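The block underneath contains the structure these notes are about, expressed in structure tokens.
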There are 2 protein chains.
Amino acid sequence: MGRTSEAKDKLINSAIDLISNRSYSSVGVQELCDNAGVKKGSFYHFFDSKKELTIVSLRAMWDFYRENCIIPLIESDLSLEDKFDSLLHKSYEMSVNSKECNGCLSGCPFGNLALELSTQEEEIRLVIENIFREWIECFEKIINKSVERGELPIDTNSYATAQSIIAYMEGLSLMGKTFNDPEIVKNLGCVVRNLSICSCKEV
Amino acid sequence: MGRTSEAKDKLINSAIDLISNRSYSSVGVQELCDNAGVKKGSFYHFFDSKKELTIVSLRAMWDFYRENCIIPLIESDLSLEDKFDSLLHKSYEMSVNSKECNGCLSGCPFGNLALELSTQEEEIRLVIENIFREWIECFEKIINKSVERGELPIDTNSYATAQSIIAYMEGLSLMGKTFNDPEIVKNLGCVVRNLSICSCKEV
DNA sequence: CTATTATTTTACCAACTGGTCAACTAAAGG
DNA sequence: CCTTTAGTTGACCAGTTGGTAAAATAATAG
């Protein structure tokens, strides 16, 4: 059935690369194509629009992060503290790497696009909302396991705690990017453990 | 000497209005002018570029927020907890208002622009970095006062704690905006108090 | 009243935006 | 081998982008 092509994957990787390191609006379809070594006509053969490619790329990034960084953590039997330390350390390492390669921290691609587009591109906002939801559910599992093991009080609100931790991690990303300093991610990371003790019963 | 004009202020307000609720790149100079009731020629009479207007607007927003929301808090003699509760509550009210007026949460204008532009517009990143710095210093004062009053341990790292709290507030803004739900800002707000107990001596 | 100065207006520019289209080409299936 | 199908190409479009320049206008200080 006709010829095969790598153009689609090349475009997705191009989008992950360019949009994560810059922003949605600063990257044009033309540049996306040039960077992928693909002609614009091919772009519109595989994707309806720049928005659609972005959505596909977001899901691809999330799938990768979940499979490689979060799922292994759920299955491991490290302590709660060590689990989040490990995650934060990975985030620190990515910051250092990003600074070395591009001279600046690119931050979290989900958070970046969420703030840039949530008020304007409802479809993209919804995709990121769902990614965050899945993310929260993963952390919820980790926290529930900890509750079962007696590391956390029995009345812990796992969902709210998970959400708080992600919010804080996003906040760290934001501060690191703004100050262009990976050390912020490292130094402020240790405070996450304080968030595990969610004392708000009414949440 | 020559005629006077309100165009400059009108343009600043226009920028605060449009850029806060959308994004830097999605608002053009033309729209900025139309919204201010000013011709494009006048824009470039008062500002060198869209970037310059944005910088002026950022400082104007920060001055307003500092004078009206933070300074009064430094001078008040509420408990630490009540101070942050009050701040978070204001942020919640703004979210509710934003949702009522625009159908969505616009989030924190500093955080928004920081994530959108930090990797591309170094000048703007620096302006926001400095605003965050001043913000941290304000919170540091509040925390130091609390330490003096014995509300917090004597070895509290005020600067790191202040930075953590702002990071968390930015994270809440981000989550609220992404989920388009002011209640997130409210429900997760109460966890801030856990951040005040910064147990990381080495930071 | 006039000269000076600040502001406003209009028309304009080249570069770029996301997106379209029809012609063309290569490969796989029968 | 030839038809079908999938992928590629480059020319093209209308609308928009940030920014310019010169002429017109209004207010103020002397």
Side-chain angles (χ1 to χ4, degrees), chain A residues 1-58 113 116-117 119-125 127, chain B residues 1-58 112-113 116-125 127:
Chain A
M1 2 157 104
R3 58 213 278 204
T4 55
S5 169
E6 293 142 37
K8 192 168 180 173
D9 285 331
K10 285 199 259 174
L11 283 167
I12 293 172
N13 289 328
S14 175
I16 291 178
D17 174 29
L18 293 173
I19 297 181
S20 300
N21 286 309
R22 304 234 293 277
S23 73
Y24 180 79
S25 358
S26 75
V27 177
V29 175
Q30 192 56 60
E31 194 184 359
L32 246 7
C33 293
D34 292 347
N35 187 57
V38 158
K39 295 288 149 59
K40 204 194 268 195
S42 291
F43 181 107
Y44 285 99
H45 176 71
F46 290 107
F47 300 100
D48 283 348
S49 62
K50 180 179 152 189
K51 186 161 85 181
E52 204 209 297
L53 170 60
T54 306
I55 289 174
V56 172
S57 305
L58 276 167
L113 289 194
E116 183 186 353
L117 301 173
T119 62
Q120 302 169 80
E121 297 286 353
E122 178 68 2
E123 274 183 68
I124 292 185
R125 185 191 69 72
V127 170
Chain B
M1 316 191 129
R3 55 213 281 206
T4 56
S5 168
E6 293 142 36
K8 192 168 181 173
D9 285 331
K10 284 199 263 177
L11 283 167
I12 293 172
N13 289 328
S14 175
I16 291 177
D17 174 28
L18 293 173
I19 297 180
S20 301
N21 287 309
R22 303 233 294 277
S23 72
Y24 180 78
S25 358
S26 75
V27 177
V29 176
Q30 191 57 59
E31 194 183 359
L32 247 8
C33 293
D34 292 347
N35 187 56
V38 158
K39 295 287 149 58
K40 202 194 269 195
S42 291
F43 181 107
Y44 286 99
H45 176 72
F46 289 106
F47 300 99
D48 283 347
S49 63
K50 181 179 151 189
K51 186 161 84 180
E52 203 210 297
L53 169 61
T54 306
I55 288 174
V56 172
S57 304
L58 277 167
N112 291 345
L113 289 194
E116 184 187 353
L117 301 173
S118 281
T119 63
Q120 304 168 81
E121 296 286 352
E122 178 69 3
E123 273 183 70
I124 292 185
R125 186 192 67 73
V127 170

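Throughout, protein chains are lettered first and strands after them, A, B, ... in sequence-line order, and every chain is numbered starting at 1. Since the model is a prediction, treat every value here as computed from it, not as a measurement.
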With sequence neighbours excluded, residues passing side chain to side chain contact (heavy atoms under 4.5 Å, CB included) with [X]:
X	answer
A:K50	A:Y24, A:V29, A:L32, A:T54
B:N35	B:S14, B:D17, B:L18
B:E122	B:R125, B:L126

With sequence neighbours left out, what residues match [X] under side-chain hydrogen bond (donor to acceptor under 3.5 Å, both in side chains)?
X	answer
B:T119	none
A:S25	A:E116, B:S25
B:D34	B:Q30

*Could you name each residue pair satisfying salt bridge (Lys or Arg N to Asp or Glu O under 4.0 Å) that touches residues 18-33 of chain B, not counting sequence neighbours?*
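Qualifying pairs, neighbours excluded: B:R22-B:E31.
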_Between B:E121 (side chain only) and B:L117 (backbone N and O only), is there a donor and an acceptor less than 3.5 Å apart?_
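Not confirmed, B:E121 side chain does not pair with B:L117 backbone.
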*How would you list, by chain and number, every residue that makes a salt bridge (Lys or Arg N to Asp or Glu O under 4.0 Å) with B:E123, sequence neighbours excluded?*
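Partners of B:E123 by the salt bridge (Lys or Arg N to Asp or Glu O under 4.0 Å) criterion, ordered by chain and then number, come out as B:K51.
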*Considering only heavy atoms, which members of residues 4-17 of chain B lie under 4.0 Å from some atom of DNA chain C?*
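Heavy-atom cutoff 4.0 Å gives B:T4, B:S5, B:A7.
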_Atom-pair distance (CG on B:D34; P on C:dT8), nearest Å_ =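 Distance, rounded to whole Å: 15 Å.
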_Expressed as a whole number of angstroms, how long is the span from A:H45:NE2 to C:dT25:P?_
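Rounding to the nearest Å, NE2 of A:H45 and P of C:dT25 are 17 Å apart.
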*Go along nucleotides 11-24 of chain C 5' to 3' and tag each nucleotide: B for a protein heavy atom under 4.0 Å from its base, S when only backbone or sugar atoms are that close, - otherwise.*
-------BBBB---
*Which nucleotide of DNA chain D is the first, and which the last, in the 5' to 3' direction, to come under 4.0 Å of a heavy atom belonging to chain A?*
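The footprint of chain A covers D:dT5 to D:dG10.
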Listed pairs under 3.5 Å, donor-acceptor, residues 37-45 of chain A side chains, sequence neighbours left out:
none

